[in-house]
Engineer: 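Below: one structure in structure tokens.
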There are 2 protein chains.
Amino acid sequence: MPDEQWSPPLVMVTVDLVILTLRAGELNALLVERGVEPYQGEMALPGGFLNNGEEDLQVAAHRELAEEAGLDGASLHLEQLGVYGTPGRDPRGRVVSVAYLAIAPGLPEPAAGTDAAGARWQPVGAVAAGKVRLAFDHELILNDGVERARAKLEHTALATAFCGETFTISELQRVYEAVWGVEIDPRNFYRKVQGVEGFIVPDGHKATRGRPARLFRAGRSAALHPPLVRPEGAT
Amino acid sequence: MPDEQWSPPLVMVTVDLVILTLRAGELNALLVERGVEPYQGEMALPGGFLNNGEEDLQVAAHRELAEEAGLDGASLHLEQLGVYGTPGRDPRGRVVSVAYLAIAPGLPEPAAGTDAAGARWQPVGAVAAGKVRLAFDHELILNDGVERARAKLEHTALATAFCGETFTISELQRVYEAVWGVEIDPRNFYRKVQGVEGFIVPDGHKATRGRPARLFRAGRSAALHPPLVRPEGAT
DNA sequence: CTAATAGTGTCTATCAGACATTATACT
DNA sequence: AGTATAATGTCTGATAGACACTATTAG
């Protein structure tokens, strides 16, 4: 019980980012090689300490997004994922980390940021399979982020954030298949996505090998009614 | 950009609790009257600073649950809700608050805790209607907690946490009606809840005015397959 | 018997999943 | 014509919502 002399403990706060994209039909996360101790040389999620005592958490997340990944956050979906504050999770002392989830369309290799010795995309499957080890408790955070993304695909228009400005329905379908890890019947998918009010709106056509595909762009709805339900066996 | 002399800013961390229960068929939240500045005399969510630099966040949440609400957290559903860290949200300085959501079955008036000058249940409708004002950004946190509870009722067995050890299907239905703010057809509700694998299991009978009701207790499943979908017009 | 509450049955419009066919381009 | 990809139609079993009846107790 605090007495009159007691003052609250002070802790350090970091912002960590789970940045997901699609590359070659696989779900990838952006990882950086740590340039300083602790865990120097190991892979970790991009992130870092608050700049100063007055920086907003969301602002700090956008700043790290730009610094470590070279991504302009303005057009990016960015959402709070959770807090990770188990004592001992960071050898430097008591560090509470606020995790954010960011979604980006397919991108080339990132320009290595100023802080990070090296930043690169890694398939989340490789991390889940234990092929890539992460510093701190970042594997836990990454798994939470991936699961959140999978769940959000059902109820929100998040999938369009994985695509470019415009996209075909097939491309949108490949997003769902990659993130959920399942195969979807194209005919039923066409019917369902077009039945969701305000999800996607037509925007011209695209030349391709074969019959030209209709192009769409994201509609006005953030929430999907009805939702696109994830099959039972999804990853 | 941090130079070699730079050290991360230190912030204070609080844990705040959204504790929900059902009283007289209405969704209520536990609020305390603040005994100290700032916001002395106003209503707020129960919560407080970390005890020390080594206290786990979840442990701190359980501690506050016991201290300020007199509730033993062992049997209680407790879940992280989010982080609230906007600069200026607390006049004492930079305070980052980790919010937790707790669900309790119907309880009598709480014994006022040691920290809180007074703790009492308030219908969340009164807060939403502006009849009760909360300190800090606690109204935002409360709203997030209520919305989370509503969403979780669809996909998890959370509703049973609002009931006692055993309950009738009618009682369970009243939980859904109160939290969602809608009326549900009892016949369809019976069919649906009994069709969900592992949601509820029979456990004797209950004497009542009229035909005795079958009693149930919570089943083993945490997640509901299929989910109980919330009607469109739910609050 | 009557009142009160618990529990079950049925009908129908809609929807999800399986599956085959037609359409439009390029070579 | 042949190939490749896009788009649409149909059938069927399951489900959600509307609705009416039977069952079991107390007084």
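Quick note on labels: first sequence line is chain A, next is B, and so on, each numbered from 1.
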Engineer: Can you tell me how far the CG atom of L30(B) sits from the OG1 atom of T21(B), to the nearest 0.5 Å?
Structural biologist: 9.5 Å
Engineer: In terms of the nearest nucleotide of DNA chain C, which residue is placed more toward the 5' end: A213(B) or N188(A)?
Structural biologist: A213(B)
Engineer: Starting from C1' on dA6(D), measure out to CZ on F216(A) and report it in whole angstrom.
Structural biologist: 11 Å
Engineer: By nearest nucleotide on DNA chain D, pick out whichever of K192(B) and R187(B) is the more 5' one.
Structural biologist: K192(B)
Engineer: At their closest point, which heavy atom of D185(A) faces which heavy atom of Q173(A), and how far apart are they?
Structural biologist: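 Shortest heavy-atom contact: C-NE2, 4.3 Å.
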Engineer: Would you say Q194(B) places a side-chain N or O within less than 4.0 Å of OP1 or OP2 belonging to dT8(C)?
Structural biologist: yes
Engineer: Given atom CZ of F167(A) and atom P of dA6(D), what is their separation to the nearest angstrom?
Structural biologist: 15 Å
Engineer: Which nucleotide in the set dA6(D), dT24(C), dT8(C) lies at the smallest distance from any side-chain heavy atom of Y190(B)?
Structural biologist: dT8(C)
Engineer: Can you tell me whether the side chain of R191(B) and the base of dG17(D) have a donor-acceptor pair closer than 3.5 Å?
Structural biologist: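 Flag set: donor-acceptor pair detected.
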Engineer: So with a 6.0 Å cut-off around CD of E165(A), is the heavy-atom count from everything else above 12?
Structural biologist: no
Engineer: May I have the distance from I200(B) (atom CD1) to dA6(C) (atom P), rounded to whole angstrom?
Structural biologist: 14 Å
Engineer: Using whole Å, what does the distance between atom P of nucleotide dG17(C) and atom OH of Y176(A) come to?
Structural biologist: 14 Å
Engineer: Identify, between G210(A) and D185(B), the residue whose nearest nucleotide on DNA chain D lies closer to the 5' end.
Structural biologist: G210(A)
Engineer: For a quick test of reading the model: is some side-chain N or O of T208(B) closer than 4.0 Å to OP1 or OP2 of dT25(D)?
Structural biologist: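 It does not, given that no N or O in the side chain of T208(B) lies less than 4.0 Å from OP1 or OP2 of dT25(D).
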Engineer: Output the rounded distance in Å from CD1 (I184(B)) to C1' (dC19(D)).
Structural biologist: 17 Å
Engineer: Rounded to whole Å, how long is the line connecting atom CD1 of I169(A) with atom C1' of dA7(D)?
Structural biologist: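 I169(A) atom CD1 is separated from dA7(D) atom C1' by 9 Å.
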Engineer: Measure centre to centre between the rings of F189(B) and Y176(B), then say whether the value is under 6.0 Å.
Structural biologist: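 Between Y176(B) and F189(B), which both carry aromatic rings, the centre distance is below 6.0 Å.
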Engineer: I want to verify a distance call: between dA7(D), dT5(C), dG17(C), whose nearest atom is closest to the R211(B) side chain?
Structural biologist: dT5(C)
Engineer: Tell me: CD of Q173(B) to P of dG7(C), nearest whole Å?
Structural biologist: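 Atom CD in Q173(B) sits about 11 Å away from atom P in dG7(C).
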Engineer: Can you check the H205(A) NE2 to dT5(D) P distance for me, whole Å?
Structural biologist: 19 Å
Engineer: From the set dT24(D), dG7(C), dT8(D), return the single nucleotide nearest to any side-chain atom of R214(B).
Structural biologist: dG7(C)
Engineer: Once you apply a heavy-atom cut-off of 4.0 Å, does T168(B) come out as touching a base, just sugar-phosphate, or nothing?
Structural biologist: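 Answer is nothing: T168(B) stays at 4.0 Å or more from every strand.
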Engineer: Which pair of heavy atoms, one from L45(A) and one from V18(A), lies closest together, and at what distance?
Structural biologist: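 Closest pair (atom of L45(A), atom of V18(A), distance): CD1-CG2, 4.0 Å.
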